[in-house]
Amino acid sequence: MPETYDLHCHSTASDGSLTPDALLRRANEKGVTSLALTDHDTTAGLAGAKQTADAIGIDLIPGIEISTTWNNKCFHIIGLNIDASYLPLVEGLRELRSTRTRRAEKIAAKLEKAGIGNALPTVLQQAGQGMITRTHFASFLLRENHVSTMQEAFDRYLGKGKPAFAATTWVDLAQAVDWINESGGVAVIAHPLRYKLTASWLKRFFKAFREAGGQGIEVVCGRSNADEIHLTGNYARQYELYGSVGSDFHTPENPWIELGRLAPLPKGVRPVWQLFS
Ligand code: AMP
Ligand code: MN
Ligand code: MN
Ligand code: MN
């Protein structure tokens with residue numbers, strides 16, 4: 001049977017709506033044979049995911065999506081096939097957790113100024129043990145009828161330049177790539193076309209990522225069209241990066257993105273899973 005990979009998705013350990021257990025079961029139902037769970041800045045979902053994966057016979061790739069800073073901008077770097085017990089990674093993620101908590105306090109204070117109170121306790125409660133993300137704030141704004149879609153929450157309040165945006169310094173790009181490599185994993189640029197970079201800045205970014213020791217790039221994302229896949233495939237070949245495929249699934253409530261629903265890698269792009277040992 002051919003393998004079906006999905007190497008990017010989220011659980012309740014960060015901003016996904018399914019528990020690791022439910023996520024693995026859904027992936028299996030959708031025909032995924034190898035799933036990487038890649039929660040934002042946490043590996044807390046991996047143990048539960050592994051239990052289910054072993055029970056139902058699906059391959060779990062231990063992963064993460066790390067929030068990094070390069071040139072004062074935020075970039076998401078996926079770590080695949082990592083060792084989640086690698087101490088510098090564990091300690092680094094503890095730091096990112098407090099960065100996220102401090103940022104949540106700032107976002108809540110800004111919302112308060114915009115006339116929307118009580119966000120923090122609600123969001124903390126929703127996140128539970130998981131990482132607090134802007135998705136939690138967006139859900140809060142939606143539930144309280146301040147906006148009518150998640151997108152509107154980002155467009156009106158949470159996006160860059162909007163009233164409740166809190167500028168944040170994440171971990172340095174090269175540091176995150178080191179953690180991933182030293183833990184035995186492969187570093188992959190997540191959704192490369194979502195950073196709104198000009199072509200020349202994108203190229204500078206790819207070079208910096210390569211020089212830092214990064215090896216992969218997401219060529220196929222959940223909503224990529226043929227042109228985007230073609231363009232990103234060319235970048236992969238040009239910068240000698242291995243290609244990854246990942247839906248970035250968060251919730252069954254979003255009908256546009258499903259686990260495992262991904263186009264194949266373009267010809268000549270080496271699959272990132274060749275690097276998994
Ligand atoms: P954070 O890492 O806390 O800044 O949150 C970023 C998360 O917010 C992303 O991983 C997405 O899941 C979500 N997100 C970002 N922009 C949007 C958007 N326009 N609509 C819906 N969700 C978004
Ligand atoms: Mn997310
Ligand atoms: Mn991301
Ligand atoms: Mn993601």
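Being a predicted model, the structure only gives us computed values, none of them experimental. Note that ligands are numbered from 1 as they come in the structure, with each ligand's atoms numbered from 1 the same way.
Hydrophobic clustering (ILVMFWY, side-chain heavy atoms < 4.5 Å, transitive): Ile61 and Leu35 are in distinct clusters.
The environment of CD in Gln129 is sparse: at most 12 heavy-atom neighbours from other residues, nucleotides or ligands sit within 6.0 Å.
Expressed to the nearest 0.5 Å, how far CD1 of Ile78 lies from CD1 of Ile66 amounts to 9.0 Å. The line from CG of Leu265 to CD1 of Ile229 is 9.0 Å long, rounded to the nearest 0.5 Å.
Comment: Asp21 does not engage Arg26 in a salt bridge, judged by the lack of any side-chain N to carboxylate O separation of less than 4.0 angstrom. A salt bridge links Asp41 with Arg100: at least one charged nitrogen is closer than 4.0 Å to a carboxylate oxygen. At a threshold of 4.0 Å, the pair Glu240-Arg270 does not count as salt-bridged, since none of the basic side-chain nitrogens sits closer than that to a carboxylate oxygen.
At least one heavy atom of Arg100 lies less than 4.0 angstrom from ligand 1. Using a 4.0 angstrom heavy-atom cutoff, His10 does not count as in contact with ligand 1.
Scored by the side-chain contact (heavy atoms from CB on, under 4.5 Å) test, Glu211 finds Lys207 as partners (sequence neighbours excluded).
Counting the atoms of ligand 1 from 1 in the order shown, those under 4.0 Å from a heavy atom of Gln151 are 18 (C), 19 (N), 20 (N). Contact atoms of ligand 1 toward Thr133: 3 (O) (distance under 4.0 Å to a heavy atom of the residue). Which parts of ligand 1 touch His40 is read off a 4.0 Å heavy-atom cut-off, strictly below it: atoms 10 (O).
Aromatic ring centres of Tyr86 and Trp179: separated by at least 6.0 Å.
Neighbours of the Mn ion (ligand 4) restricted to protein N, O or S atoms under 2.8 Å: the count is 4.
Inclusion of Asp15 in the set of residues having an N or O under 3.5 Å from an N or O of ligand 1 is warranted. Between Thr135 and ligand 1, an N or O atom pair is found at a separation short of 3.5 Å. Looking at ligand 1, you'll find an N or O of His250 within less than 3.5 Å of one of its N or O atoms.
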